[in-house]
Amino acid sequence: MMATIRIAAAFVLREDGETLLVRKRGTRAFMQPGGKLEPGEDARSALLREIEEEIGLALTSDRLVPLGHFEADAANEPGSRVVADVFRIDVAMLKVTPAAEIEEIVWILPEQAEALDLAPLTRDHILPAYRASLVAAS
């Protein structure tokens, strides 16, 4: 049986339409910032903690808009699945700096993200959910 990893992730969207993707040290796949829930921690609290640790972005819970609850193969832990609560965060034209285990940050238009090596959760669930939300809003 596959191990299950509970995570919270942020779909960070800048006002120019670009989204933030990160790559952890020693890995190839780009993904949303975020990470594992600590014991007794809810998804919102975990995400606020993780994005402050990983990219220095300090926010409050009211900035997190639920995008969806998804499940996919883990990008960096073979034989594991991630179960993710994903929140959209709209931001101004801010600059963020990689910290903790983050080696690289890119801002990219969601439709151009396919040019990168993407984590399954990002490729198969988060980006399609965002595109579907745009269609629904139009």
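Values below: all heavy atoms of this structure, side chains included; hydrogens, waters and symmetry mates excluded. Just so you know, residue 1 is the first one in the sequence shown, and it goes up from there.
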- Item | Rounded distance (nearest 0.5 Å) linking atom OG1 of T19 with atom CZ of R88 |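 T19 atom OG1 to R88 atom CZ measures 9.0 Å (nearest 0.5 Å).
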
- Task: To the nearest 0.5 angstrom, please state how far the CD atom of E104 sits from the CZ atom of R28.
- Result: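 So the gap between those two atoms works out to 12.5 Å.
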
- Task: Using a 4.5 Å cut-off on heavy atoms from C-beta on, say whether the side chain of P33 contacts that of E53.
- Result: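 No, too far: nothing below the 4.5 Å cut-off.
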
- Give me the other members of the hydrophobic cluster that L121 sits in, counting Ile, Leu, Val, Met, Phe, Trp and Tyr linked by side-chain heavy atoms under 4.5 Å, directly or via other members. I5, I7, F11, L13, L21, F30, L67, F70, V82, V86, V106, I108, L116, L118, I126, L127, Y130, L134

- Kindly give the cluster partners of V22, where membership spreads through any ILVMFWY side chain lying under 4.5 Å from a current member.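 Answer for V22: V12, L20, M31, L47, L48, I51, I55, L57, L59, L64, F87, I89, V91, L94, V96, I102, I105, W107.
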
- Would you confirm whether R44, through its side chain, and D62, through its main-chain N or O, come within 3.5 Å as a donor-acceptor pair? no

- Task: Please list all pairs passing the salt bridge (charged side-chain N to carboxylate O under 4.0 Å, His left out) test where one or both residues lie in residues 120-137, with sequence neighbours left out.
- Result: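 Found E114-R131.
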
- Taking only residues two or more places apart in sequence or in another chain, which ones pass side chain to side chain donor-acceptor pair (under 3.5 Å) with E103? R23

- Query: Charged N to carboxylate O under 4.0 angstrom, R6 versus D85?
  - Reply: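 Yes, this pair counts.
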
- Query: Any salt bridge between R14 and D16, counting N to O under 4.0 Å?
  - Reply: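 Yes, this pair counts.
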
Taking only distance into account, with no hydrogens and no angle test, what donor-acceptor pairs under 3.5 Å do side-chain atoms of residues 72-79 form with protein atoms, sequence neighbours excluded?
residue	atom	partner	partner atom	Å
D73	OD1	R81	NH1	2.8
E77	OE2	K36	NZ	3.1

- Query: Yes or no on side-chain contact (heavy atoms from CB on, under 4.5 Å) for K24 and E54, after CA distance, side-chain angles and deciding distance?
  - Reply: CA-CA 10 Å; K24 294 184 178 177; E54 292 182 350; 4.1 Å; yes

- Item | Pairs touching residues 32-58 that satisfy ring pair (Phe, Tyr, Trp, His ring centres under 6.0 Å), sequence neighbours left out | none

